[in-house]
Amino acid sequence: MSARLNLFGNQLAGKFVQQLSAAGQVISDSTLPAATQELVKIRASQINGCGFCTDMHTKEATHAGETATRLHLVAAWREATVFTDAERAALELAEEGTRIADAAGGVPDEVWANAAKHYDEEQLAALVALIAIINAFNRANVIVQQPAGSYQPGQFG
């Protein structure tokens, strides 16, 4: 299986990916906990059916010390007892922000208020940006049918 378009070999696509990656570094350098960042990326990627990003971020999370139990339960986080209230708020915001077209009014006020109870303004900004960026990566990878399974932790720096 190969991708329809080489996102890394095509000049324009490569510039786009570099810019998204640079924006992602701003979030990585924020005070939003790294574990929360990976959980959000995994959940959005699952919703969007992005095998490449799901593969990448579960492997990165494992490499960073995340437990298999928590990773296996990301898709069912509402029923899982292994996530903190803050992580649950971030996962809910990620779901609502990813499924924006499913809600007539966008992200409900209650979801935002719940996230705001656990995260300061910088962390909320990081969450919003992270949800936007991972959704952009997911969409690009799904459109080109980027194959999943061969990612190695740290592969992109």
Side-chain angles (χ1 to χ4, degrees), residues 1-30 32-80 83 87-108 111-112 115 123-157:
M1 177 178 204
S2 60
R4 293 173 169 161
L5 175 71
N6 183 343
L7 294 177
F8 308 105
N10 177 282
Q11 187 175 4
L12 190 140
K15 286 180 184 178
F16 174 74
V17 169
Q18 284 178 330
Q19 294 297 318
L20 275 182
S21 295
Q25 189 59 50
V26 172
I27 299 160
S28 295
D29 294 341
S30 76
L32 184 64
T36 301
Q37 292 182 40
E38 290 300 331
L39 293 172
V40 164
K41 289 184 264 191
I42 292 164
R43 186 63 191 126
S45 299
Q46 290 171 333
I47 292 167
N48 289 322
C50 183
F52 184 82
C53 289
T54 302
D55 179 44
M56 171 193 259
H57 296 296
T58 55
K59 287 176 178 173
E60 288 291 348
T62 299
H63 185 73
E66 189 59 78
T67 68
T69 299
R70 284 170 43 97
L71 291 176
H72 292 307
L73 289 172
V74 170
W77 65 267
R78 282 182 173 78
E79 292 80 27
F83 301 107
E87 289 168 336
R88 296 169 68 75
L91 288 165
E92 183 177 35
L93 185 61
E95 284 191 3
E96 293 293 334
T98 298
R99 292 185 165 136
I100 228 164
D102 296 344
V107 174
V111 172
W112 182 261
Q123 293 169 325
L124 287 169
L127 271 170
V128 169
L130 178 62
I131 293 163
I133 289 170
I134 193 59
N135 274 279
F137 272 121
N138 290 165
R139 280 155 175 74
N141 286 320
V142 169
I143 290 167
V144 302
Q145 296 182 342
Q146 189 68 36
S150 63
Y151 179 82
Q152 297 298 313
Q155 181 175 328
F156 295 125

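Positions are given from 1, in the same order as the sequence printed here.
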If you apply the rule side chain to side chain contact (heavy atoms under 4.5 Å, CB included), what do you find for Q37 with S30, and how did you get there?
CA-CA 10 Å; Q37 292 182 40; S30 76; 4.0 Å; yes
For F156 and F8: C-alpha separation, side-chain torsions, deciding distance, then whether ring pair (Phe, Tyr, Trp, His ring centres under 6.0 Å) applies.
CA-CA 11 Å; F156 295 125; F8 308 105; 5.2 Å; yes
Could you go through the side chain to side chain contact (heavy atoms under 4.5 Å, CB included) check for S21 and F137 one step at a time?
CA-CA 9 Å; S21 295; F137 272 121; 3.8 Å; yes
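Summarising the geometry, atom OG belonging to S150 is positioned 6.5 Å from atom CD belonging to Q155; distances are rounded to the nearest 0.5 Å. Atom CG of N141 is separated from atom OG1 of T54 by 10.0 Å, given to the nearest 0.5 angstrom. Distance CG/L20 to NZ/K15: 14.5 Å, rounded to 0.5 Å.
Here the side chain of D55 pairs no donor or acceptor atom with the backbone of G51 at under 3.5 angstrom. R88 contributes a side-chain N or O that, together with a main-chain N or O of W77, makes up a donor-acceptor pair within less than 3.5 Å.
In this model, no donor atom of one side chain and acceptor atom of the other lie less than 3.5 Å apart for W112 and E96.
Using cut-offs of 30° and 60° for the angle between ring planes, the F52 and Y151 rings count as perpendicular.
Ionic pairing of E87 and R70 is present here: one or more N-O contacts between side-chain nitrogen and carboxylate oxygen are shorter than 4.0 angstrom. A salt bridge is absent between E38 and K59: the closest approach of a Lys/Arg side-chain nitrogen to an acidic carboxylate oxygen does not fall below 4.0 angstrom.
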